[in-house]
Trainee: 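Before anything else, here's the structure in question.
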Number of protein chains: 2
Amino acid sequence: MAARQDLIKGNIDTLLLSLINQQPMYGYQVMQELEGRSQGYFKFKEGTLYPALHRLEKAGLLQGSWQTLANSRQRRYYSITEKGRRILVEQTAQWQDFFAAMNLIFQPAKS
Amino acid sequence: MAARQDLIKGNIDTLLLSLINQQPMYGYQVMQELEGRSQGYFKFKEGTLYPALHRLEKAGLLQGSWQTLANSRQRRYYSITEKGRRILVEQTAQWQDFFAAMNLIFQPAKS
DNA sequence: CCGCATACATAGAACCGCTAGGTATTTATA
DNA sequence: TATAAATACCTAGCGGTTCTATGTATGCGG
C-alpha cells in the first residue's frame with residue numbers, strides 16, 4: 001500500500017473527532033489507534049498530531065484533561081464536546097459529498 | 001451541498017489527469033467540465049487551475065499545445081502523456097486505499 | 001458601448017502538515 | 001548494566017499548495 005499521506009490534508013480534524021467520539025483518548029494512543037485501525041495506513045507524525053489536538057481543544061471541539069498514572073507519568077486525555085459532535089456530523093456529510101463529487105469525475109455519468 | 005473545497009488538497013492533480021485522460025481539453029474548459037460533471041461541487045479558481053496545469057506539464061504528465069481559433073483567439077489544449085497515464089493509474093489506486101483507510105476509522109471493524 | 005463571458009497568466013498571502021529538534025521516564029535488549 | 005527503543009508530551013520554522021487579487025485581451029448580447 002503506497003503511502004499518500006498528503007491526501008489527508010483537510011481531513012485530520014474529522015479523523016480525530018471521529019476517533020475520539022468513539023472513545024476518549026490521549027495523544028499517543030490516538031497515533032496508535034489510527035495506525036492500527038487503518039491497518040498501517042495512517043502514520044501520524046507528532047508534529048502533525050499534537051498541534052491538531054491543541055487546535056481542536058482551543059476551538060472547543062475537544063476537551064482535554066491531565067491524568068497522572070501510578071508511575072507519575074502524565075497523559076492528556078481528550079474527549080469530544082457537544083460542539084465537537086455537531087461539527088463531526090457536519091464534516092462527515094461533507095466528506096461524503098466530496099467523495100461523490102470525486103467519483104463523478106472519475107466515472108462520469110452518461111450524458 | 002456545503003462547500004468544503006479544501007478537502008481537495010492533494011487531489012487536484014488526480015482530478016485533472018483523470019479528466020484530461022478522458023478527453024484532451026483546454027484550461028477554461030477544464031473548469032467548466034469539473035463544475036458541470038460534479039454538479040456544481042468543484043469550482044476551481046483560475047489561480048488554482050493554471051499553475052496546476054503548468055506543474056503537470058512541466059512534470060511531463062500533460063502535454064500542452066497552442067491552437068488558434070478562427071477568430072485568432074488562442075487556446076492551450078492539454079492531453080495526457082504515457083507517463084501521465086501511469087501516474088493516473090497509481091494515484092487512482094492510492095485514492096481508493098485512502099478512502100478505505102478513512103472508512104476504517106469512521107466505521108471501525110469489529111475486533 | 002458597456003458588461004459579461006471567454007481565455008490565458010502570475011505575484012504574494014495564507015494555510016497546513018512535516019521536519020527536526022527538545023524533555024523525561026520506563027521497559028526491553030545485548 | 002549500559003543502551004536502545006518505546007512511551008508521552010511539546011514547538012519553531014520549512015516547504016508546498018491553494019487562494020486572492022490582479023492583469024491582459026477579445027467576442028458577444030443588450
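Labels below follow one simple rule: chain letters A, B, ... track the order of the sequence lines, proteins then strands, and each chain is numbered from 1. Since the model is a prediction, treat every value here as computed from it, not as a measurement. Note: hydrogens, waters and symmetry copies are ignored here, and every other heavy atom, side chains too, is used.
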Trainee: Looking at A/F98, A/F99, A/Y41, which hits ring-ring contact (aromatic ring centres under 6.0 Å, His included) with B/F99?
Mentor: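 Testing B/F99 for a ring-ring contact (aromatic ring centres under 6.0 Å, His included) against A/F98, A/F99, A/Y41 leaves exactly one candidate, A/F99.
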
Trainee: Let me see the working for B/R37 and B/Q22 under side-chain hydrogen bond (donor to acceptor under 3.5 Å, both in side chains), right down to the final yes or no.
Mentor: CA-CA 13 Å; B/R37 296 195 193 194; B/Q22 294 163 38; 2.5 Å; yes

Trainee: Could you tell me whether B/R75 sits above the aromatic face of B/Y26, with NZ or CZ closer than 6.0 angstrom to the six-membered ring centre and within 45 degrees of the axis?
Mentor: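 The answer is yes, since B/R75 meets both limits relative to B/Y26.
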
Trainee: How does protein reach along nucleotides 5-20 of chain D, written 5' to 3' as B (base within reach of a heavy atom under 4.0 Å), S (only sugar-phosphate), or - (no contact)?
Mentor: -SBBBBB------SBB

Trainee: Quick test of your reading: applying salt bridge (charged side-chain N to carboxylate O under 4.0 Å, His left out), list the pairs with at least one residue in residues 7-23 of chain B, sequence neighbours left out, ordered by first then second residue.
Mentor: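 Passing the test, one end in residues 7-23 of chain B: B/D13-B/R55.
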
Trainee: How about B/Q63: does its CD atom have over 12 heavy atoms from other parts shown lying under 6.0 Å from it?
Mentor: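 Check fails, neighbour count at 12 or below.
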
